[in-house]
Protein chains: 2
Amino acid sequence: MAQNVGAPNKEPSDGYQLRVVQEVLLALLAKEASHGYQVRARLQLALGPLAEALNAGQVYVTLNRLEKAGLVSAERVGQPDRPDRKVYELTRAGRTRVLEWLGDTSWPKPAPAEFHLKLVAAAAAGLADPERLVADQRHALLAGLAAAQRAALTEPDGSVAGLLLEGVVLRLEADLRWLDTCAQYWTSRKAR
Amino acid sequence: MAQNVGAPNKEPSDGYQLRVVQEVLLALLAKEASHGYQVRARLQLALGPLAEALNAGQVYVTLNRLEKAGLVSAERVGQPDRPDRKVYELTRAGRTRVLEWLGDTSWPKPAPAEFHLKLVAAAAAGLADPERLVADQRHALLAGLAAAQRAALTEPDGSVAGLLLEGVVLRLEADLRWLDTCAQYWTSRKAR
DNA sequence: CTTACTCATCTAACGGTTAGATAGGCCGTG
DNA sequence: CACGGCCTATCTAACCGTTAGATGAGTAAG
C-alpha cells in the first residue's frame with residue numbers, strides 16, 4: 001500500500017538542522033586539504049554535543065557533489081594497513097565561493113511556522129484543541145530547554161560547543177515566550 | 001566550468017523555511033477536500049506576509065508525492081471557461097498520519113549553527129576576522145528585526161499572521177543576544 | 001491590440017538528510 | 001582460537017524540501 005512517504009524519516013531524533021553544508025565543508029577545506037573522515041571529525045569538534053546532527057554519509061555525498069561542480073579536486077591516497085583515503089583540495093572556484101560565503105550576511109529567519117500552521121489547521125478542521133496543543137508543546141520545549149542547559153553545564157568553560165549551546169538555549173527561551181503569546185491568542189479566540 | 005552547485009539557489013531571498021509541508025497540506029485537506037490552488041491560497045492566508053516562503057510549485061510537487069504514497073486520492077474535475085482542477089481528498093492512511101502529526105511534540109531545535117561554523121572555519125583558516133563577521137551579521141539582523149517589526153505593525157490586531165510575526169521577532173531578538181555572546185567569546189579569544 | 005493579471009498545474013534539477021551497505025583492521029573476552 | 005564489538009573510511013538509494021520557470025486559457029485595463 002506504500003503509505004510511507006516520510007517513512008525513512010521515522011526518527012526525527014534531534015534535527016539540529018544544518019543546511020549550507022556545502023559552504024561549511026569548503027571553508028574547512030580552505031584551512032587544509034583533508035579527506036572526508038577527517039573533515040567529519042573536525043566538524044564534530046566544532047559542534048560538540050550537537051554533532052549528532054551530522055550524518056556521516058552526508059559529508060561524502062556533499063564532497064562528491066562539490067567535486068562534480070568543480071569546487072574541489074580529489075586525489076586517492078593509499079595507505080598500508082588502512083583503508084584508502086580520498087583527499088580533497090579547494091580549486092580556485094572553491095576558494096572564490098568560500099569568500100563569497102563569508103561576506104554573505106543573509107539569515108535563515110526561521111519562524112516556528114510549522115507549529116503555527118498546526119494550530120491553524122487543527123482549529124479549522126476541529127481536529128484538536130489549540131490550547132491543548134500549545135500546552136503539550138510547552139511541556140516538550142521545557143524538557144528540551146532543561147536538556148540543553150544541562151548539556152551546557154557539562155561543556156568546559158569557554159569551549160566553542162558551549163557557545164553554540166548558549167544559542168540553542170536563547171532560542172528555546174524565545175520560542176517558549178512565543179508559545180505564551182500563542183496561548184493567549186487562542187484562548188481569547190475561543191472566548192469569542 | 002560548471003562551478004554552479006548552488007546556482008539555482010542564487011537568491012536566498014527570505015527563506016522562512018517551512019519543512020514538514022506534507023503534514024501541513026494533509027491537515028488542511030482534513031478540513032475539506034480541495035485542489036492545489038485552493039490549498040495554496042489557504043496557506044498564504046495563514047502565513048500572511050511570510051507567504052513568500054511558499055513556492056507555488058511546492059504545493060503541487062508535494063500533493064503528487066502524497067498521492068503516490070497513498071495518503072491522498074485525486075480526482076480531476078473539469079469546469080467550463082476555467083482550467084481543470086485536481087481535487088485531493090484524504091485517504092484513511094492520510095487521516096491517520098494527520099492525527100499522528102498533531103500528537104507529535106518534537107521541535108526543530110534549530111541552532112544558528114551555520115553562522116557558528118562560519119566563525120570557527122574562518123578563524124581556523126585565517127580567512128576573516130571573527131569580530132568583523134559578527135559585527136556585519138549583527139547589522140544585517142538588526143535590519144531584519146526592524147523589517148519584521150514594521151510588518152507586525154501593518155498587520156491588523158489579532159490576526160494569525162501577526163502572531164507568527166511575533167514569533168519571528170522574538171527569535172531575532174534571541175539571535176541578536178546570542179551574537180553578543182559570540183562577540184565576547186571571540187574577542188576574549190583573540191586577546192589570548 | 002497589447003499588456004498584464006488570475007486561475008491552475010506541472011517539470012527538471014538541485015541541496016539536505018537518512019538508513020544502511022561495505023570492507024578491512026584492532027582489541028579484548030571466553 | 002573464535003567471536004563480538006569498535007574504529008577507519010567510503011559509498012548508495014531514496015527521500016523530502018525548494019526553486020525557477022514553462023504552459024495555457026481566460027479576463028480586465030489602457
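Within every chain, numbering begins at 1; the chains are lettered A, B, ... in the order of the sequence lines, protein sequences first and strands thereafter. Everything quoted here is computed from the prediction, not taken from an experiment.
Between atom OH of residue Tyr185(A) and atom CH2 of residue Trp178(A) there is a gap of 11.5 Å, rounded to the nearest 0.5 Å.
When distances are taken from the side chain of Tyr88(A) to each of dG16(C), dC11(D), dC10(C), the shortest belongs to dC11(D). Here the nucleotide nearest the side chain of Tyr37(B), chosen from dC7(C), dC10(C), dT18(D), is dC7(C). Side-chain proximity of Gln58(B) to the nucleotides dC7(C), dG16(C), dT18(D) is greatest for dT18(D). Nearest nucleotide to the Arg85(A) side chain, out of dA9(D), dA13(D), dT11(C): dA9(D). Closest contact between the side chain of Arg76(A) and the listed nucleotides dT8(D), dC11(D), dT18(C) involves dC11(D). If you check dG17(D), dC7(D), dT18(C) against the side chain of Gln22(B), the one that comes closest is dG17(D).
A continuous path of ILVMFWY side-chain contacts below 4.5 Å connects Leu163(A) to Leu176(B), so both sit in one hydrophobic cluster.
Regarding Leu63(B), its CG atom lies at a distance of 15 Å from the C1' atom of dT18(D), rounded to whole Å. Taking atom OH on Tyr60(A) and atom P on dT17(C), their separation rounds to 17 Å, with Å as the unit. The NE2-P distance, from His35(A) to dC11(D), rounds to 12 Å in whole Å. Atoms CG (Asn64(B)) and P (dT18(D)) sit 17 Å apart, rounded to a whole Å. Rounding to whole angstrom units, CD of residue Glu67(B) and C1' of dC15(D) are separated by 18 Å. Arg65(A) has its CZ atom 12 Å from the C1' atom of dA13(D), to the nearest Å. Atom-to-atom, CG of Asp81(B) to P of dC7(C) comes out at 15 Å; the value is rounded to the nearest Å. In this structure, the CG atom of Leu26(A) is 10 Å from the P atom of dG16(C), given to the nearest Å.
Between Ala33(B) and Gln38(B), the shortest heavy-atom distance links the atoms O-OE1, 4.1 Å.
If you find the closest nucleotide of DNA chain D to Arg82(B) and to Gly57(B), the one lying nearer the 5' end belongs to Gly57(B).
Across all strands shown, Gln79(B) has heavy atoms under 4.0 Å from sugar-phosphate atoms exclusively, and none from any base. Residue contacts for Val59(A): at a heavy-atom cut-off of 4.0 Å it reaches no nucleic acid atom on any strand shown.
One finds a side-chain N or O of Lys86(B) lying less than 4.0 angstrom from the OP1 or OP2 phosphate oxygen of dC10(C).
The base of dA20(D) is paired with the side chain of Asn55(B) by a donor and an acceptor separated by under 3.5 Å.
Gln58(B) places none of its side-chain heavy atoms less than 4.5 Å from the side chain of Leu25(B).
Taking a cutoff of 4.0 Å between a charged side-chain nitrogen and a carboxylate oxygen, Arg132(A) and Asp136(A) qualify as a salt bridge.
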